Amino acid sequence: MSTLAAPVETALGPILELRGIHAGYHGIEVVSGVDLSVLPGEIYALVGPNGAGKSTTVAVAACLHAPTAGDVLLGGRVVNGARPQDLCHLGVCLVPEGRSVFPNLSVHENLWLATHAGVALDEIESRAYGRFPVLGTRRAQLAGTLSGGEQQMLALARAVAVNPAVLLVDELSMGLAPVIIAELYGFIREIASAGVTVVLVEQFARTVLGLADRAAVMSNGKIVGAGRPDEVEGVLEAAYLGAL
Amino acid sequence: MTAAAATLEVEKIEVRFGGLVVLAGIDIAVDRGEVIGLLGPNGAGKSTLFNVINGLLPPHAGTVRLGGVDVTKAGPDSRARRGLARTFQNLETFGVLTVRENVLVAAEISRRWSGRRTSPSAVADELVERVGLASLASERADALATGPARLLEVARALATSPSVLLLDEPASGLTEHETANLRGLLIELAADGLSVVLVDHNANLVMSVSHRVAVLHGGRILTIATPAEVQADRRVQDAYLGAPVVSA
Amino acid sequence: MDTFLTYTVFGLSTAAIYAVAASGLVLTYTTSGIFNFAHGAIGMFAAFVYWQLRFQWGWPTPVALVVVLFVLAPLFGAILEVGIMRGLEKASEAVRVVVAVAVLSGLVGLALWIWPPNTARPFSGFYPGSKIHIAGAAVTAHQLISMGCAIAVAIGLALILRRTRAGADMRAVVDNRALLVVFGGRPDRVAALSWAIGASLAALAGILIAPALQLSVLPLTLLVVNAYAAAIIGRLSRLPATFVGALIIGLAEAYGVGYLSSRGGFFGGIRPAIPVLILFVALLALPHARLRGQLSRRSLDWFPSPSMSRAVASAGALVVAALVLGPHLGPANLFTANRALALGIVALSLVPLVGYAGQVALCQMSFAGIGALAMANTAPGGSPLGLVAAFVVAAVAGAIVALPALRLRGIYLALATAAFAVALDRWVFIQDAIRLFGRKIPLFGIYSVNVARPRIGGVSFGSNRAQLVLLAMVFALFALLVVAIRRSAYGRMLLAMRESPAACATLGLRLTVTKLSVFALSAGMAGVGGALLGGVHTAVAADTFSFFQTLPVLLLAVVGGIGTVNGAFLGAVLLGLFQAVARIFPSTNNVINVLPGLAGVGLARNPGGLASDLHMAVAGLRAGRPRRRPAESAEVPVEWIGIDRAITPADVAALDAALGMSSAR
């Protein structure tokens, strides 16, 4: 049965699907034929060593980066070439790699810019400060002066405040202490149980596999294994450290 | 040739960007004819280390020696004149020149400082052939696909007859066939006495050509050992694959 | 003490105007990444439009102000961003600089067209005649209003940037442009808005500064150029530092007027050069641009390596053409052709520097002027040694300019060389003489200097016809030199350095030596061009070699195709054609002034220049009969004829340009 069929079936089919994606920069292909399908409401982890093409893959999924071949499907509809801001309005929200906040803008102003997605500032702020009270106490502080964990909280709060259907998070845990990662993962679990589909891109596979419902392992631009966390465990070492 | 000083020695290199410590005391010595693979997760500082060795980035502390001579204060051009060559992760080919001209100009530049008598044009023809680009010799470099462009960078670096070669992601974008050829070339070059430091995402390539593999993590060298030892090292696996966290 | 206060008030009021202009410049640069060389020209143009509305048509002041500041200027700024600058996002820095210079040049041409010079245009300040006294110093109402405007602009910008979402968007773009897209914002709209605000600020500055000088095109354009210095002190990113920079420049200039002008002598005339000298120092004091890798990208620039035999044939053909055509040209056409060829030699000198080495310098006519002076001073009888002197002196000057410029790239190099050119034409050239190493060397002064036409080996090139042949020969000789460079190891090194300085350094190339040498070579060639141009005119004044004279030469050379000798020649032909057309149809004269600018703007579409277009066209004609038929192509089906040659990178480039792919990638 084709997932390209009528919208009614999308409730059962994947909410986000990549088919045969090839992508690169300046002629350098970094993603070579990736197929991925993410089901509604699940936590999906995309793991692999650096340079494997994970970030490019999610950038393609968010229509921030145009693939050289392949299709991006949202709810069964091809959305290739859509403007990223339109996709943002359609409910696909990306938290890019690195601290995805504007460092020279205050916490308040960072949330203010989230209103581009069409949600009122009051609502965004009350949700963000409600879930992460520490942000409320730092309202006027420049985001760049927050701790790494607080910056990720701000980035997540910003992303979640606009009611996304799909949340793509690139390297959530990078550079954070385990206790902070644990808190952020708790938050991810909360929003997933509220029905939001979450795709987590992580280099540290074993860190994220405990959280994910399903996972895919990427290496050298290709998916080398996909399935439940225990199913992909076996391919990790070869993907990361090579086979002799 | 006696096995005296290592061709490239890096001692206690430290680099900070603002408050962020990128390299916190790196020591590596590369012997003549040795291939050292450099592995490390994202942001481990591999490219930064290359820039320090190459002279594009001054370190906050530490020493770089080429053939026993301290070159920490020297610019990239002076280091090239002491036998150091490199390729770039972000391609730096001379786009408006042809493939052959790219290698030719490198040979011409190096002839000026080395006083070698070999004809640059012969060097260029030989190297273009050797890396397998002969059929593309008169193409403009910016018209090349990634794979050939990477090989062109290697050929251009070799045109200066270096004793130490730093390879930054030479295999990214290469087909399996091209990667296999590159592997063969590296083994040949090392056998001829060239010292190579290799950074690549393709762990299979790194593990199969390197005599030793250094793993960078958090700005330090976690371990430096044979490929088999590195693969079996639990600390390396944790550095790479992460450790489980208990979520709240 | 009173005079000190008076100078201080004067300085503060000009500083206020510079601050207004500079803050607009900083705003547009930080949000769009494109340095608006035309910022001053926009201010100039706005001042003229305001004059037209307010004084010519008698509109009430507030209405005229609102229309200019809040309607026309912002509209123009936004159109400029959307129509031209946006397409340059992925262009090389050299192309960006040249296109912005083209806009400047076009606006200047347009203003000269609409408002012909040499007409008095009284432009009084606000509330003329009213003044108040503060601590013994008289402050005019206009000065007060200027300072008030600067304060209002500072407060207004702070409010926009801190209190509106659009302002937050602007700061967000500066922080992380890509992230704003992720947030659902529109960086393109932010850029258009900031260009609108920037143009409005330029207009305000232009209107405020206009009463201080007569309303005239070039000084107004240049005076707002002084704001560049303030912007550079603000490192093109910090508004408060920019205001401080404006203060330094305004005050330095005022005290310069007060305390230096009265001294006379060499430094007496330094006042007009103070801001550019500050600009020069500020540029050098900027942190050293670190040599870093840059992504090599698909470039549309075109640097063919022509065969020497064809070059010799073309060069010979040019000389023969001069011999044959000379007797058939009337005096006016001869003069036009001679002038075009002399400027063509200057354009040719840009090929190794701007074309091969990728160094955008805006002072080539200054080197030409130095060459003309060298010729005038060493060879009053027309000895060929004068041309040698012109080459040598200009080459030395080129190396001296290159020394500080070694640290600078892209817009900073362009600005520094522009500063050098302005300092030379507004301060040094107009001096009567300069003392160097104990010798008195006459300069242009405020009048003309006689430049002899060369006599070579007993042959006088005194007549206009002989001039044509001489110029053709020198052009041909230099063209062969440039072709030989392109074919040599040195030429490859220049192109390699242009493509990737970092890679060149890692191959052991001394960038300093290479850059110095190409600057010296190029300046020397321009010097010879200048000496010959002087001969064409027989007497030349400083304004022949001003900063503004460099712009059309550079633009036409780049439009012709800066990567090739043919391009420089085409540029010279265009220059000659424009002038010939203007002479035959005087009414078109003004259109002609705008053309180089328009042509330069067209570069945004095809950086390879006309020469590459022509080459493609010729290659297309030839395609039916390929020069070398490959062995296996004997069986080519009939319908393939015309496309049976290999697709070259140049073809792909042409296709990309035709399809508009260049800006899309």
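Note that the structure is a prediction, hence the values are computed from the model and not measured. Proteins come first, then strands; the chains are lettered A, B, ... in the order of their sequence lines, and each starts at number 1.
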(message) Can you tell me which of Asn176(C), Leu180(C), Leu179(C) forms the most heavy-atom pairs within a distance under 4.5 Å of chain A?
(response)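 If we count pairs closer than 4.5 Å to chain A, Leu179(C) comes out on top.
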
(message) Taking side chain as everything from C-beta outward and backbone as N, CA, C, O, which of these in Pro103(A) sits under 4.5 Å from a heavy atom of chain C? Side chain, backbone, both or neither.
(response)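 Both backbone and side chain of Pro103(A) come within 4.5 Å of chain C.
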
(message) Between Val92(A) and chain C, with a heavy-atom cut-off of 4.5 Å, which part of the residue counts as in contact: side chain, backbone, both or neither?
(response)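 Interface part for Val92(A): neither.
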
(message) Tell me which of these, Ser100(A), Gly118(A), Cys93(A), Ala62(A), has more heavy-atom pairs under 4.5 Å with chain C than the rest.
(response)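 Between Ser100(A), Gly118(A), Cys93(A), Ala62(A), the count favours Ser100(A).
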
(message) If I take atom OG1 from residue Thr164(C) and atom CH2 from residue Trp112(A), how far apart are they, to the nearest 0.5 angstrom?
(response)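 So the OG1 of Thr164(C) and the CH2 of Trp112(A) are separated by 6.0 Å.
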
(message) What I'd like to find out is whether the side chain of Asp169(C) reaches to under 4.5 Å of the side chain of His116(A), using heavy atoms alone.
(response)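 Sidechains of His116(A) and Asp169(C): in contact.
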
(request) May I ask you to test the Leu105(A)-Asp175(C) pair for a side-chain heavy-atom distance under 4.5 Å? (result)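 Leu105(A) reaches Asp175(C) side chain to side chain.
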
(request) With Arg171(C) as the cation and Phe102(A) as the aromatic partner, state whether NZ or CZ is under 6.0 Å from the six-membered ring centre and within 45° of the axis. (result)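 Here Arg171(C) fails the 6.0 Å and 45° test against Phe102(A).
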
